[in-house]
Amino acid sequence: MKNDSGIEIKKVYGPHDLPAAEPAPGTPPYTRGIQEDMYRGKHWTMRQYAGFSTAEESNKRYRFLLDHGVTGLSVAFDLPTQIGYDSDDPLAEGEVGKVGVAIDSIEDMELLFDGIDLEKVSTSMTINATGFILLALYAAVAKKKGASIAALNGTIQNDILKEYAARGTYIYPPQASMRIITDIFEWCSKEMPKWNTISISGYHIREAGSTAAQEIAFTLSNGKAYVKAALEKGMEINTLGKRLSFFFNAHNDLFAEVAKFRAARKLWCSIMEELGATDPKATMLRFHAQTGGSTLTQQQPLNNIARVTIQALSAVLGGTQSLHTNGYDEALNLPTEEAAQVALRTQQIIAFESGAADTADPLGGSYYVESLTCSMEEETRKIMQVIDAMGGSVKAIEKGFMQEQIAQSAYQYQRDIETEKKIIVGMNRFQSTDPLPPVQFKISDEIRRAQTEKISRLKAKRDAQAAERCLADIVTAAKDGTNLMPVVLSAVKHYCTLGEISHALRKVFGEHRQ
């Protein structure tokens, strides 16, 4: 039999299947983990991805999660925020606050983090095309709170290449987007040195239907493209490498996922050394993991607790630095507080009761896992070699290679479910006649009206001339190649909205069309 990545799985493994022994944890190429003692020194950061409705409502959920033991926040933004439209824009109708929180201005950002000490919490923001604007808003709010932005810890996803390949929340053409990303790299290296300037994301690639091997092949190829772009801008690879992070999916095949994480670390170390990194810390692959949203079923939703537990365990056994666990009801609606608490408790039980965190790389030396890690590495290298031959990720995306490969894998996965080659408990086998539970958590369409009124009040009270000057400065910087971050930071401080800033850049860069 073969797993989803096409790797042949033997009936039994033995000593003859072991590849050469990998160095100890904390030692390059970090196959066994990036810290010598892993979780004995410190547990992974326990995050819960949350954001919905208004900033005020999301703030309540963040406080609830912090009170129940999360050690880092992870912000979900609504679709208009992700693609650069204010809530009052006609194109935002029907989407405001639906799949994340609506953030139109610095006033929303202040409400989102009201009562939260930004110097004491690590914040991850899943935002890409408008990541530079949200980062500016976060920095501006931190300054207003009296915090030093140089002390802030967190991450913006800021990974636009996977948007073209798998997810679709892009605005500008690829070259313009890459310029914005390198502007962020450059600015943060001076102003926010503790901030992770990109989270190179395989999560959405896997959610779109890729295999595990494709997930890490496409993700690491994208990472390589970002590093090369930064080097072309004159950045120093040993400095840049320490601020890169990755974001991976955790699916149900426990051992394949562990092998995937181990292989990814080894491959990234090799890539960074080839690109010129000499500081071992710049060659480490640090990653956040999230359990697989696409694996959750509407049917018998409580079964999802077991799925999430297996997936979370794979991430821990695979050496994640940060973890989000999905709510069991997310195939039906946004997670209720009960589901969010169960998801967090799942992480805490793994951390404090399971023994999985007691030793570094507990599956290291397993005949099966070591062989599977080697096979995953080989399969991934094959895919990356094809991408390199095309000229790298940008060219591969422009040619539609990644998109086509993901689509083919997604089709095959669905066919396997329909033919029962792949069993999904409660869906195509062991079904129940019980009706689906009702939707418990729904966002009101009235959110758009409330956000529109806030924008109107903001524009009425701000200095209109100052706002116009700031927007003009953004256009000028976009045209002459000046780093965009300082002028965007000035704009948000003068109450320019996210949509206004995005539209100013649309005038210069245009929009990407596939």
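At most 12 non-hydrogen atoms from other residues, nucleotides or ligands lie less than 6.0 angstrom from CD of E36. Within a 6.0 Å radius of OH in Y495, no more than 12 heavy atoms belonging to other residues, nucleotides or ligands are found. Crowding of K228 atom NZ: a count of heavy atoms from other residues, nucleotides or ligands under 6.0 Å not exceeding 12. More than 12 heavy atoms of other residues, nucleotides or ligands shown are found within 6.0 angstrom of NZ on K399. In R40, the CZ atom is not crowded: 12 or fewer heavy atoms of neighbouring residues, nucleotides or ligands sit closer than 6.0 Å.
In this structure, OG1 in T182 is found 11.0 Å from CG in L231, a value given to the nearest 0.5 Å. With rounding to the nearest 0.5 angstrom, the NZ atom of K190 is 11.5 Å from the SG atom of C188. Taken from OG1 in T219 to CG in L285, the straight-line distance is 9.5 Å, to the nearest 0.5 Å. The distance from the OG atom of S74 to the NE2 atom of H324 is 7.0 Å, given to the nearest 0.5 Å. Taking CD1 of I127 as the reference point, atom CG of L135 lies at 11.5 Å (rounded to 0.5 Å). Between the CZ atom of F246 and the OG atom of S199 there is a distance of 8.5 Å, given to the nearest 0.5 Å.
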Exercise for review: Applying side chain to side chain contact (heavy atoms under 4.5 Å, CB included), run through S124 and H288 and close with a yes or a no.
Suggested key: CA-CA 10 Å; S124 172; H288 168 73; 5.7 Å; no
Practice item. Evaluate side-chain hydrogen bond (donor to acceptor under 3.5 Å, both in side chains) for S105 paired with E107, printing each intermediate quantity in order. Key: CA-CA 5 Å; S105 72; E107 290 186 344; 4.6 Å; no
Practice item. Take D4 and T211 through the side-chain hydrogen bond (donor to acceptor under 3.5 Å, both in side chains) test and state the conclusion after the steps. Key: CA-CA 6 Å; D4 292 340; T211 67; over 6 Å; no
Review point. Is there a side chain to side chain contact (heavy atoms under 4.5 Å, CB included) between N238 and T278 once you walk through the steps?
Key: CA-CA 7 Å; N238 287 323; T278 55; 2.9 Å; yes
Review point. What's the verdict on side chain to side chain contact (heavy atoms under 4.5 Å, CB included) for R167 and N128, showing C-alpha distance, side-chain angles and the deciding distance?
Key: CA-CA 11 Å; R167 191 162 176 261; N128 298 284; 3.6 Å; yes
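Although no hydrogens or angles enter the test, the distance criterion places a donor-acceptor pair under 3.5 Å between the side chain of R47 and the main chain of S122. Counting only distance, with no hydrogens or angles, the side chain of R243 and the backbone of W195 share a donor-acceptor pair below 3.5 Å. No side-chain donor-acceptor contact under 3.5 Å links S245 to the backbone of R286.
Considering every non-hydrogen atom in both S87 and R448, the closest pair reads O-NE, 2.9 Å. Between A55 and I103 the shortest heavy-atom distance is CB-CD1, 4.4 Å. Considering all non-hydrogen atoms of both residues, R179 and A478 come closest at NH1-O, 3.1 Å.
Between D183 and K233, at least one side-chain nitrogen of the basic residue sits less than 4.0 Å from a carboxylate oxygen of the acidic one, meeting the salt-bridge criterion. A salt bridge is defined here as a Lys NZ or Arg NE, NH1 or NH2 lying under 4.0 Å from an Asp or Glu carboxylate O, and K260 with E257 meets this definition. Remark: D104 does not engage K454 in a salt bridge, criterion side-chain N to carboxylate O under 4.0 Å.
Between F247 and Y203, the two ring planes are parallel [angle under 30°; tilted spans 30° to 60°].
In this structure the side chain of E119 never reaches within 4.5 angstrom of the side chain of K145, judged on heavy atoms. Here the side chains of P29 and P23 are in contact, with some heavy-atom distance below 4.5 Å. Between E57 and K60, some side-chain heavy-atom pair lies under the 4.5 Å cut-off. Using a 4.5 Å cut-off on side-chain heavy atoms (C-beta onward), I149 and E191 make contact. For the pair L489 and K143, the minimum side-chain heavy-atom distance is below 4.5 Å. In this structure, Y226 and D159 have side chains that are in contact, with non-hydrogen atoms separated by less than 4.5 Å. Between E232 and M178, the closest side-chain pair of non-hydrogen atoms is not below 4.5 Å. Contact check for L161 versus F218: no side-chain heavy atoms found under the 4.5 Å cut-off.
When the options I350, L344, T325 are evaluated for a side chain to side chain contact (heavy atoms under 4.5 Å, CB included) with M46, the one that passes is L344. Each of K382, R265, K266 was compared with E377 under the salt bridge (charged side-chain N to carboxylate O under 4.0 Å, His left out) criterion, and only K266 meets it.
Residue pairs meeting the ring-ring contact (aromatic ring centres under 6.0 Å, His included) criterion with at least one member in residues 139-167, sequence neighbours excluded, are Y164-Y170, Y164-H512. The ring-ring contact (aromatic ring centres under 6.0 Å, His included) pairs that include a residue from residues 96-132 are F113-Y138, where partners are two or more places apart or lie in different chains.
With no hydrogens or angles considered, a side-chain donor-acceptor pair links D86 and T497 at under 3.5 Å. Side-chain atoms of E215 and S210 include no donor-acceptor pair closer than 3.5 Å. Side chains of S294 and R206: no donor on one and acceptor on the other come within 3.5 Å.
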